[in-house]
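Everything below concerns the one structure shown next.
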Amino acid sequence: MWSDSLNSLTSAQREAVEHLDGPLLILAGPGSGKTRVVTHRVANLLRHGVAARQIVALTFTNKAAEEMRSRLEVLAPGGGVWMSTFHRFCARLLRQHAATVGLDENFTIYDTSDSRQVLRRTLDQLDLDTTLYTPERLTGAISWAKNNLITAAQYQPRSGHPLGHVVAKVYPAYQARLLASSAVDFDDLLLHVAVMLRDNPEIRATLDERFRYILVDEYQDTNLAQYTIVRGLSIDHPNLAVTGDPDQSIYGWRGANLSNILDFEKDYPDVHVVKLERNYRSTKRILRVADSLIGYNQRRKAKGLYTENDEGQSVSLVAYPTQRLEAETIAARIAEEIRAGRRRPRDFAIFYRVNALSRSLEFALRDEGIPYQMVNGLEFYQRKEIKDVLAYLQLVNNPRDDNAFLRVINTPPRGIGKTTIGHLIAHADRRQLSLVDAARESGLIEALNKRAAVAVAKFMALYDQLSLVAAAPVEEILGHVLSASGYQQFLIDSEDEEDQERLANIEELLTAAREFDERHPTDAPLETFLEESCLVNDTDAWQADDDRVTLMTLHASKGLEFPVVFIVALEEGLLPHERSREANDLLEEERRLLFVGITRACEELQLSLATYREFRGQRRRTVPSQFLMELPRGEMDVVEPNATARVEWETSPDEHAWDESSGDELGDVDFNPAEFDATDAEPVTPSPAATDAAAVVRMTMTPLTTAAELHRVQTAEAPRVPPEAFHQGMVVRHPEYGLGKVVALSGNGIRRTATIAFASAAGQRKFMLASSNLRPAKSE
DNA sequence: TGTGAGTTGATTTTT
DNA sequence: TCAACTCACA
C-alpha cells in the first residue's frame with residue numbers, strides 16, 4: 001500500500017520524501033504538490049521507526065497546520081506528530097520554562113490591541129509627547145526589534161533617528177509592564193524562546209534531543225527569531241527540513257528575512273536540495289504570465305516553472321471606468337457563469353491588496369444574490385463583547401494581568417470611574433502591587449471616597465467568587481462570569497440593537513467553550529482555551545467546502561487555489577502599495593504578492609483596474625500599476641476601457657452617473673491598451689438579471705459543530721425537556737425550589753449539568769439536566 | 001460618573 | 001470613510 005502511494009510521486013518529489021537524515025531544502029514553486037511531499041515524508045520517517053514525538057512540523061497559520069495534520073492522518077493514522085504554528089509551539093515551550101524568562105506559567109498572551117493599550121499606558125506613565133509618534137509606529141518599531149532579537153536592554157537608537165530615541169525609552173518601560181503583568185505579546189512568544197535557547201545550553205540540548213526531526217513550512221517567511229529557534233533546535237540533530245519559495249515571500253514587513261532561505265545552503269553546507277518545479281495547478285498561459293512578472297525581481301533564485309496542463313484561455317486584463325463598474329461587472333460575470341451552470345460559487349475568488357477594497361465587491365455580489373464569504377478584518381475574537389468576557393477569564397487565570405483588570409473593572413458599568421481607577425493605579429505603583437492586590441487594599445487608600453471603596457470591594461467579591469470556579473470546565477466558568485458580573489443582564493436590558501447581536505456572539509463563545517471542553521475532557525486548563533482564542537486568525541475561519549465566492553486579501557490567499565481568480569485594483573499606490581515606493585526590496589515584495597495571487601488561479605484569471613477609485617471618501621483618478629507593463633502581451637486579452645465604458649452607459653446611464661462633469665473624461669485614461677496586442681478586445685457585458693442564489697451570509701467565525709447532538713444518548717428515561725433546550729441566562733422552574741435562572745452550563749449529553757440560582761432560599765444548586773425536573777419557565 | 005456629540009486622525013499585509 | 005478619542009455637560 002505504501003509503495004503504491006510512493007509510486008504516485010514524481011522523481012523529484014520522491015527524492016524529497018525518501019531523504020531521512022540531515023538538512024534538506026525543498027524549493028517548491030506554486031502548485032508543485034509541496035504539502036503532499038511534506039506529509040509523505042513524515043509518513044516515511046514514521047515508517048522508518050522515528051517516534052512521532054520526535055517530529056515537529058512548524059507552519060505560519062493554523063490552517064496550514066490543520067491541512068497537514070489531516071493529510072498525514074490519511075497516510076499514517078494515529079497521529080502523535082506535533083504540527084503547530086510557530087507561535088503555538090513557542091507558547092507551549094514557554095509554559096514549561098516560564099520561570100527562566102521571568103514569567104509565571106499561567107502568563108497571558110496579549111493580542112495586538114491589548115499590546116497597544118499597554119503601550120498607551122506606558123506612554124502616559126512616561127509622559128512622553130505622543131503627537132510626534134503614533135503608538136502604532138512605536139509598536140511597529142518595538143516589534144521590529146523583537147523580531148530581530150534585540151531585547152529591551154540591548155536596544156540602541158541609531159544616531160540621527162529621532163524615533164529610535166523614543167523607542168529606547170518606551171521599549172524597556174513597555175517590556176517591564178508586560179513582565180509585571182506576567183504577559184507576553186505575539187513577538188515575545190518567539191523572542192523569549194529564542195533568548196531562552198541561547199542563554200540556557202542545557203535546555204537547548206534537551207529540546208534538541210527531543211525534537212530530532214524538524215520541518216518548517218514557508219521558510220521564506222521566517223524572521224531572525226524564528227530562524228534562531230529552528231537553528232537552536234537543530235545543532236546536535238541537524239535533521240532540519242525546510243520548504244519554501246523565495247518568490248512567495250510576502251512578509252518582509254513583519255521581519256521575514258529572505259536571506260534565511262537564500263543562504264540556507266551556507267548554514268548547512270551538506271544540505272540536500274530538491275527543487276519542485278512542475279506545477280500541477282495552473283494553465284500554461286497563467287504560469288507564463290506569473291513567470292514573466294516575477295522575472296523582473298533581482299533578488300531571487302531563478303527557477304524553471306513548467307506544467308503539463310493545457311494551454312488554457314488568455315489571461316484577461318480589464319480597465320473599468322470606475323470602481324463600481326469593476327465590482328458590478330465582475331459580479332455579473334460570476335452570476336452569469338453560475339446561472340449557466342458552468343461554475344459554482346466556490347470556483348471563484350476575488351483578491352485585493354487591502355481590505356478596504358472589499359466593500360464595493362461585497363455590495364455588487366449581494367445585489368446579484370451571489371453567496372460569498374469574506375476573510376476580513378473584524379474577526380470574532382476582536383469583538384468588544386468577546387474581549388470583555390475573555391478578559392474576565394484572563395484575570396481569573398492570571399491575577400497579575402493588569403490589562404484585563406482595567407478592561408473588566410467597570411464593564412458593565414458599576415460606578416468605578418476614571419478617578420477611582422486613577423487612585424488604584426497610583427496605589428499599585430506606590431506599593432509595587434498588581435491592580436488586583438491594590439484593589440484588595442482599597443479600604444486603605446485615603447484618596448478614595450467611601451462609595452468608590454465600596455464599589456471596588458464589591459468588585460473584588462465578584463472576582464473572588466469567580467476564582468472559586470477557575471478549575472471548572474470553561475463553559476461553566478464563562479457562565480458564571482456572564483451571570484455574576486451582570487454582563488449578560490446588562491446586554492439583555494439594553495435598548496441598543498447592537499447589544500442583542502452581542503448576546504448572539506456571546507452565545508457563540510459559549511458554544512466554542514463547550515466544544516473546547518469536549519476536546520479537552522481531562523486537562524482543560526483555562527489558559528489553553530485563552531491561548532487558542534488569541535492565536536487564531538482570519539484565514540482559519542475560511543472554509544473550503546462552503547459553496548461561496550471567496551473574497552480575501554492577496555496575503556490571505558497564499559496556499560490556496562481556485563479555478564477562477566479575479567485580482568482587482570492593479571493601480572499605482574495600491575499594487576504596488578504606496579508605502580513600497582521608498583525602496584526596491586519593498587517593490588519586489590509587492591511583485592511577489594501579485595505573483596502569489598496570479599499563481600492561485602487554475603483555469604481563468606482576470607486582472608483589473610479602475611480609472612476612478614474611491615479613496616478616503618473621495619474619488620481619485622488612478623494610474624495603472626507598473627506591473628502591468630511587465631506582463632507578457634502575447635498571453636493577455638486586453639479589454640479596451642472605452643468600449644467598457646460605452647456599453648455601461650448604454651445599459652443604465654442613471655445608475656452610473658458617478659460624476660456629472662466627468663463624462664468626457666471617461667476614455668481619457670493614462671493606460672494605453674495599444675501597448676498590448678489587443679486584437680480581439682471584446683467588451684464585457686454585464687448579465688441582465690441576478691440569479692436567485694442563496695442568501696448572503698457574512699461569516700464571523702467558524703460555524704461550530706455541535707458534536708453534542710451526535711453524542712446525545714437516548715435513554716428510556718429521556719427527559720421531556722432535552723438538555724439542549726437549556727441555555728445560559730434562561731429562566732427555569734423547579735417543582736420544589738420554584739423559579740430560578742441558569743447561571744452556568746457544562747458537560748454533554750446525559751452528563752450535561754446546569755447551575756441554577758433560585759429566587760427562593762434554595763440558593764444556587766447544580767442539576768444533571770437529563771434526570772432533573774427542571775422546565776423552562778414561560779417568560780424570560 | 002456616565003453619556004453624547006464632535007473632532008481628529010489614520011488608513012497594508014498578521015501570529 | 002470611519003473609528004476612536006476627547007471634552008463638555010447632565
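Small disclaimer: the values here were computed from a predicted structure and weren't measured. Here is how names work: the chains are called A, B, and so on, in the same order as the sequence lines, proteins then strands, and each is numbered from 1.
- Remark: the A:Y487 side chain and the A:D388 side chain contain an N/O donor-acceptor pair separated by less than 3.5 Å.
- Between B:dT13, C:dC5, B:dG2, one nucleotide has an atom nearer to the side chain of A:N355 than all others, and that is B:dT13.
- Residue A:T419 places its side chain closer to B:dT1 than to any other of B:dG2, B:dT1, B:dT13.
- A cation-pi arrangement is present between A:R95 and A:F107, with the terminal nitrogen or guanidinium carbon under 6.0 Å from the aromatic centre and inside a 45° cone about the axis.
- We find that CG of A:L189 is positioned 18 Å from P of B:dT14, with the value rounded to whole Å.
- Distance NZ (A:K418) to C1' (B:dT3): 13 Å, rounded to an integer number of Å.
- Atom CG in A:L586 sits roughly 16 Å away from atom P in B:dT13 (whole-Å rounding).
- A:N223 places its CG atom 15 Å from the C1' atom of B:dT13, with the value rounded to the nearest Å.
- One finds a side-chain N or O of A:R359 lying less than 4.0 angstrom from the OP1 or OP2 phosphate oxygen of C:dC2.
- Here the C1' atom of nucleotide C:dT1 and the CZ atom of A:R613 are 15 Å apart, to the nearest Å.
- Spacing between atom CG of A:D187 and atom C1' of B:dT14 amounts to 10 Å, rounded to whole angstrom units.
- Within 4.0 Å (heavy atoms only), A:F86 reaches no atom of the nucleic acid at all.
- Phosphate proximity of C:dA4 to A:R120: absent, as no side-chain N or O sits under 4.0 Å from OP1 or OP2.
- Among the nucleotides B:dT14, C:dC5, B:dG2, the one closest to any side-chain atom of A:R116 is C:dC5.
- The interatomic distance linking A:L593 (CG) with B:dT14 (P) rounds to 10 Å, in whole Å.
- By the 4.0 Å N-to-carboxylate-O rule, A:R519 lies close enough to A:E532 to be salt-bridged with it.
- One side chain, A:Q175 or A:D188, offers a donor N or O that lies under 3.5 Å from an acceptor on the other.
- Neither OP1 nor OP2 of B:dT14 sits under 4.0 Å from any side-chain N or O of A:T61.
- Between A:T553 and B:dT14 there is a side-chain N or O to OP1 or OP2 distance below 4.0 Å.
- Taking only side-chain nitrogens and oxygens, A:T420 comes nearer than 4.0 Å to OP1 or OP2 of B:dT1.
- Residue-level contact check: A:S580 touches neither bases nor backbone, having no heavy atom under 4.0 Å from any strand.
- Here B:dT1 presents its C1' atom at 19 Å from NZ of A:K450, a figure rounded to the nearest Å.
- A side-chain N or O of A:N260 and one of A:T222 form a donor-acceptor pair less than 3.5 Å apart.
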